[in-house]
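The structure appears below as structure tokens.
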Number of protein chains: 2
Amino acid sequence: MDKYDSLLLKNQLCFPTYAVANKILRKYQPLLDNLNLTYTQYITMMVMWEKKTVNEKELCETLYLKTNTLAPLLQRLKEKGYISITKDKKDKRNLVISLTSEGEKLREKAVDVPPSIAEEFNLSEEEAMFLYKILYKILDN
Amino acid sequence: MDKYDSLLLKNQLCFPTYAVANKILRKYQPLLDNLNLTYTQYITMMVMWEKKTVNEKELCETLYLKTNTLAPLLQRLKEKGYISITKDKKDKRNLVISLTSEGEKLREKAVDVPPSIAEEFNLSEEEAMFLYKILYKILDN
DNA sequence: TTAAATTATATCGTGTGCGACATATTTAGC
DNA sequence: GCTAAATATGTCGCACACGATATAATTTAA
């Protein structure tokens, strides 16, 4: 037991997490190219498809991202015509993000993405469940 | 069971993985600021502390990163004085990356990082083991 | 009731991380 | 020996993701 053992790459939990996250992005990108979305734009659209209308603050909390990441990203989604951005009349500090009909249409194309990815992961039901639980435990503590 | 269920954020495995990876980076950064390293530079230094000398290709494979990410990163580590970069005399295509004495010194300061992080994760031994195994299963398939 | 604190968002600069493409060097095939 | 393929690395442009800081709108409190 060396005093430097804790600094070995193979003894880290952070590193495989980081590497797997990168690997996932690489897997998704070719599929998402068909939708003209990046991965972060894709998970943003997931929220939009579900909620139809949200404000930026909700979006930040849901995606665990900061406004300085989302603000320019939302501009790009707007330019692509998938969302609209307006100000809340009651509280002009709030941005109201809404799904457009163009954005709604994209959903039809997107349904093909999750099954294509699932194949790649190659985990058992049990493993997937456990991984899911433990990741949310880390996120929420 | 809706046809769009597979597009719900809460049904994704990719999303919590991605979010946890981001969260880990945010946890590390304040600690790494004391070492004048970014997270990616830190894991690169982990390899250097262990191996002392590597070429860029090995580094790419070890870290699951591409040369277009590592090349400029290595330049920054060189500028900070933690590594040196030379060309292999036998095969001039190969870059030889070597730990400097300055880089070796940094290791002493870095030993404080892993214990500080471990507290944050708050997983049981068993959970950590399982997470570790499953992440490497994904990485290696 | 108005000045201070809080809240929601935007902007800036830095450093990844990637695909696409370019370059230099070595190896293989003939 | 000479050309073609393979290998290792570099460069470019784009899109995150962050901390730090700024700005505008609303709420609170003296």
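Residue numbers start from 1 in every chain, and the chains themselves are labelled A, B, ... in the order their sequence lines are given, proteins ahead of strands. These numbers come from the heavy atoms of this one structure, side chains and all, not from hydrogens, waters or symmetry mates.
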(request) Could you say whether A:Ile43 or A:Arg93 is positioned toward the 5' end of DNA chain D, judged by the nucleotide with the nearest heavy atom to each? (result) A:Ile43
(request) Check the distance between D:dT27's P and A:Lys92's NZ and give it to me in whole angstrom. (result) 12 Å
(request) Return the residues of residues 49-72 of chain B meeting this criterion: a heavy atom under 4.0 Å from some atom of DNA chain C. Order them by number, or give none. (result) B:Leu65, B:Lys66, B:Asn68, B:Thr69
(request) For DNA chain C, determine which residues of residues 73-86 of chain A have any heavy atom closer than 4.0 angstrom to one of its atoms, and list them numerically. (result) none
(request) Check each of A:Leu25, A:Ile24, A:Ile117, A:Val20 against B:Cys14 using the side chain to side chain contact (heavy atoms under 4.5 Å, CB included) test, and report the only one that passes. (result) A:Ile24
(request) Just compare D:dT26, C:dT16, D:dA15 and give me whichever is closest to any side-chain atom of A:Thr38. (result) D:dA15
(message) Among D:dG10, D:dC16, C:dA10, which nucleotide has an atom closest to any side-chain atom of B:Leu95?
(response) D:dG10
(message) Are more than 12 heavy atoms, taken from residues, nucleotides or ligands other than A:Glu108, located less than 6.0 Å from that residue's CD atom?
(response) yes
(message) By the 4.0 Å heavy-atom rule, please label B:Gln29 as base, sugar-phosphate, or nothing.
(response) nothing
(request) Would you mind classifying the nucleic acid contact of B:Lys87 as base, sugar-phosphate or nothing, using non-hydrogen atoms under 4.0 angstrom? (result) nothing
(request) Hey, which sits more toward the 5' end of DNA chain C by its nearest nucleotide, B:Lys90 or A:Lys23? (result) A:Lys23
(request) Would you please confirm or rule out a distance under 4.0 Å between OP1 or OP2 of D:dA15 and any side-chain N or O of A:Thr40? (result) no
(request) Decide yes or no for A:Ile97 and A:Ile85: does some side-chain heavy atom of the first lie under 4.5 Å from some side-chain heavy atom of the second? (result) yes
